[in-house]
Amino acid sequence: MNNRIAEITKGLNSEQEKGVTSMNGPVMIVAGAGSGKTRVLTHRIAYLLEHDVSPDKILALTFTNKAAKEMKERISSLVAPHLAERVWAGTFHSIFARILRQTASKIGYTSDFTIYDTDDSMGAVKRVMQNLGISNQQISHQVARNAISSAKNKMVTRKEYAQMATSIQEKQLALIYNEYENYLQLNNSMDFDDLLINLIVLLRQDREVLERYQNRFKYILVDEYQDTNRPQYIAIKLLAEAHQNICVVGDDAQSIYRWRGADIQNILHFKKDYPYSKIIRLEQNYRSTKTILAAADSIIKRNKNQIHKTLWTDNPEGEKIDLLRCNDDFDEAIKIATRVDMFSRNGYSLNDIAVLYRTNAQSMVLENALRKSNIPYIIVGGISFYKRKEIKDVLSYIRLLVNPKDDEAYYRIINEPPRGIGQTTLKHVRHFSSSKQMCLSDAFSRITEIGDLQQRAIVAIRDFEAFLNVYREKIVHEENPANVIAEYIETTGLLEMYKEMNTEESLDRWNNVLQILSDIKSFFKTNPELTIADYIQQISLMSDIDEKDLKSGSLTLMTVHSAKGLEYPIVFISGMERGLFPLQRQDMHEEEEEEERRLFYVGVTRAKERLLLTYADRRARFGDVSEQSPSNFLREINPDLINRPEYRKPATSFTAPKPKLFAKKEDTSFGNFSQIPEQDYYSQIEPVNVSFKVGDIIKHPHFGKGKIMHLNGVGKQLKAVIKFDSIGNKNLMLEYAKLEKI
DNA sequence: ACTGAGAGTTATATT
DNA sequence: AACTCTCAGT
């Protein structure tokens with residue numbers, strides 16, 4: 001026993017050891033990038049287990065399933081695996097969903113409730129707005145959904161929202177919010193935010209349940225605490241209140257989810273919330289070279305709001321950071337591909353390399369270049385397998401077996417493949433169902449009461465309902481759900497439809513449907529005790545990063561956000577340009593700039609050995625090619641840490657770059673910028689066009705006379721809202737608008 | 001009921 | 001460029 005405990009604390013530095021061995025009472029671990037926080041968390045759990053804490057008394061909350069899985073695996077290597085398996089480790093959403101399934105009836109749901117992902121929730125908003133007669137033009141669906149989600153993230157109920165609403169738009173949003181909540185309840189479904197909020201509702205309203213779970217989760221650990229939002233914070237607080245054995249790990253410098261409601265105050269206020277807490281700082285970095293760490297430090301120290309800490313490392317100095325100037329995004333992609341290829345011929349595996357970017361849109365050019373040079377890659381995010389139409393359709397069919405009230409699933413597939421239940425029919429049905437406050441399935445059971453329906457449509461609906469019921473029956477009685485599902489999907493005619501279409505795209509879809517069916521089969525083979533409801537839930541709560549395949553020998557492409565928590569020997573960060581990173585949005589404030597800077601910090605600290613930053617002079621954005629200038633962030637890195645780029649040398653193994661662009665740009669090398677004064681270097685940046693100001697009367701070749709109402713953006717990004725006499729308000733990019741002042 | 005053309009909109013990150 | 005929505009024609 002003692003031996004095992006010694007084993008668990010072996011090799012930890014003194015601060016890490018404190019984090020591992022302080023079993024009781026609140027602990028906050030401020031863990032700098034690469035300081036071994038996962039190690040501390042897993043060893044802490046192992047330490048608890050070795051002190052005879054029962055594994056089902058331990059709750060470990062993470063943000064991704066991948067992190068949870070990794071945690072479990074690492075605990076398994078420290079203690080007996082059968083113990084490790086029983087620890088409740090998972091994402092907030094999946095753990096909370098698990099609790100809610102057991103207690104759903106207490107808050108008006110059944111345990112079969114469906115989890116609506118962003119798409120489903122968007123569909124729900126659209127439908128609700130249509131019922132209310134609010135068009136997309138009055139309030140965009142997107143805006144409405146965001147408003148609802150952000151209200152929920154701030155724990156503003158529909159009632160409170162309605163009370164606070166003053167403008168017409170807010171009042172309409174309040175209506176939408178209210179109807180949306182009704183709709184979800186009616187559909188026996190919850191969106192992502194509800195999983196958090198409903199748990200709080202449950203814990204607050206039912207003392208017995210609260211005490212049960214407080215008692216159950218005697219030890220709580222939270223990873224990435226800096227990214228918790230208000231509902232998460234409250235839920236943790238409720239659960240930890242009785243025993244106060246809470247250990248949170250976080251780094252304020254890596255808080256990058258403010259936009260989705262993460263509240264950095266949660267970490268800054270920990271001491272206030274738990275007065276008797278211990279604070280432990282992990283400041284030794286085991287990941288990166290001195291150079292990379294110094295660069296990261298020179299970036300993050302520009303932020304005003306932060307907990308002071310000094311990261312240091314025993315690692316070697318390492319190579320300087322490469323900065324590559326490129327002509328355009330194609331050139332950038334080629335340069336990256338060339339270097340990736342070079343690294344892979346010089347002792348690195350492609351698994352060691354990641355290319356990061358700010359926005360998913362940047363991946364396509366990279367993909368093309370990589371394909372051309374035969375470099376295998378995997379993309380995290382983007383169009384994931386589970387977001388494909390055909391896959392969502394198959395999953396919707398399955399969802400309807402579990403929860404017949406799931407209207408979003410119903411609408412998706414009721415006429416896919418076409419079975420004569422078209423929009424007109426659905427319009428009548430929906431009119432009926434929404435006025436009677438019922439879900440589709442209930443409406444169908446009273447179909448004769450719905451007026452204006454064609455006999456043909458009624459028959460089609462009845463047939464379809466009967467078909468669903470047959471399989472709802474079958475699935476209950478069958479031993480292996482996978483077999484029933486395969487037969488069920490076959491009978492829907494989906495496969496046949498794709499085959500008959502016989503286009504490249506449809507055959508691809510056909511293939512994907514078969515793929516998902518075989519996935520389902522293997523899911524039940526490995527988890528025979530689980531149900532289709534479990535399968536569906538697992539898929540809906542899966543994030544892109546979880547999907548990241550084990551396919552080895554591939555380069556990884558992903559956004560900087562997705563890279564959080566990962567590390568690679570070699571990291572590229574592409575698109576280091578103004579307006580792109582930091583990403584320019586309307587009325588950007590200092591706080592948002594600081595979040596962008598933290599994001600850059602996260603990107604930089606992913607690298608263990610080599611860091612390469614690239615930027616381009618031109619880039620296709622918005623369908624047009626725009627002139628770009630280097631990011632401000634580049635200037636924030638100590639110039640001594642940066643290598644002179646070799647961008648003069650053409651990438652000969654690929655298509656030759658356009659010579660004239662090359663000649664023109666050659667003497668103003670950013671690579672020499674450590675030798676030229678900052679001022680001179682930055683004078684290269686295109687001057688901002690200031691010839692227009694708000695209130696100017698202008699003329700546009702197409703729209704005629706108008707008045708500038710509002711200006712935003714900088715340089716080439718400068719946009720104006722112009723009120724035209726002819727067509728009203730319009731948002732135009734000044735560079736292309738060819739305005740004439742009158 | 002379905003299709004296709006055309007218009008219009010939109011480009012941050014995610015459970 | 002890519003996507004969604006709308007509307008007119010079949």
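Side chains are part of it too, since the values below use all heavy atoms of this structure and drop only hydrogens, waters and symmetry mates. Note that the structure is a prediction, hence the values are computed from the model and not measured.
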## Note on the structure
Regarding the side chain of A:P418, the nearest nucleotide among C:dC5, B:dA1, B:dC2 is B:dC2
### Task
Report yes if a side-chain nitrogen or oxygen of A:T424 is closer than 4.0 Å to either non-bridging phosphate oxygen (OP1 or OP2) of B:dA1; otherwise report no.
yes
### Task
Grab the CG-C1' distance between A:L426 and B:dA1 for me, whole Å please.
11 Å
#### Entry: Side-chain N or O of A:N415 closer than 4.0 Å to phosphate OP1/OP2 of B:dC2
yes
## Note on the structure
Here the distance between atom C1' of B:dT15 and atom CZ of A:F192, to the nearest Å, is 5 Å
### Task
Take the protein atom CD1 of A:I134 and the nucleotide atom C1' of C:dC5, then report the distance between them rounded to whole Å.
18 Å
### Query
For B:dT14, does either OP1 or OP2 sit under 4.0 Å from a side-chain N or O belonging to A:T118?
no
### Query
Over how many whole Å does the gap from A:M122 atom CE to B:dT9 atom P extend?
16 Å
### Task
Take the protein atom CG of A:N136 and the nucleotide atom P of C:dC7, then report the distance between them rounded to whole Å.
12 Å
### Query
Are any side-chain N or O atoms of A:Q254 and backbone N or O atoms of A:V602, one a donor and one an acceptor, separated by less than 3.5 Å?
no
### Message
Please determine whether a side-chain nitrogen or oxygen atom of A:N360 lies at a distance below 4.0 Å from atom OP1 or OP2 of B:dA13.
### Response
yes
### Minimum-distance nucleotide to A:T559 side chain [options: C:dA2, B:dT15, B:dT14]
B:dT14
### Query
For A:K126 and C:dC5, is the shortest distance between a side-chain N/O and OP1 or OP2 below 4.0 Å?
yes
### Message
Below 30° counts as parallel, above 60° as perpendicular, anything between as tilted: where do the rings of A:H561 and A:Y257 land?
### Response
tilted
### Task
Take atom CD of A:Q142 and atom P of B:dA13, then tell me their distance rounded to the nearest Å.
11 Å
### Query
Got a donor-acceptor contact below 3.5 angstrom from the A:N303 side chain to the A:E594 backbone?
yes
### Query
B:dA13 P sits how many Å from A:N146 CG, rounded?
12 Å
### Query
For B:dT9, does OP1 or OP2 lie under 4.0 Å from any side-chain N or O of A:S140?
no
### For atom CD of A:E596 and atom C1' of B:dA13, their distance in whole Å
9 Å
#### Entry: Rounded P spacing from B:dA13 to C:dT4 in Å
15 Å
### Task
Indicate yes or no for a side-chain donor-acceptor contact from A:D407 to the backbone of A:N187 under 3.5 Å, with no hydrogens or angles considered.
no
### Task
Nearest-nucleotide wise, let me know which of A:S94 and A:G420 is further upstream toward the 5' end of DNA chain B.
A:G420
### Summary
Comparing nearest nucleotides in DNA chain B, the 5'-proximal residue of the pair A:G422, A:Y257 is A:G422
### Task
Would you indicate what A:F92 reaches in the nucleic acid, counting non-hydrogen atoms under 4.0 angstrom: base, sugar-phosphate, or nothing?
nothing
### Task
Check for a donor-acceptor pair, side chain of A:D227 on one end and backbone N or O of A:I256 on the other, with a separation under 3.5 Å.
yes
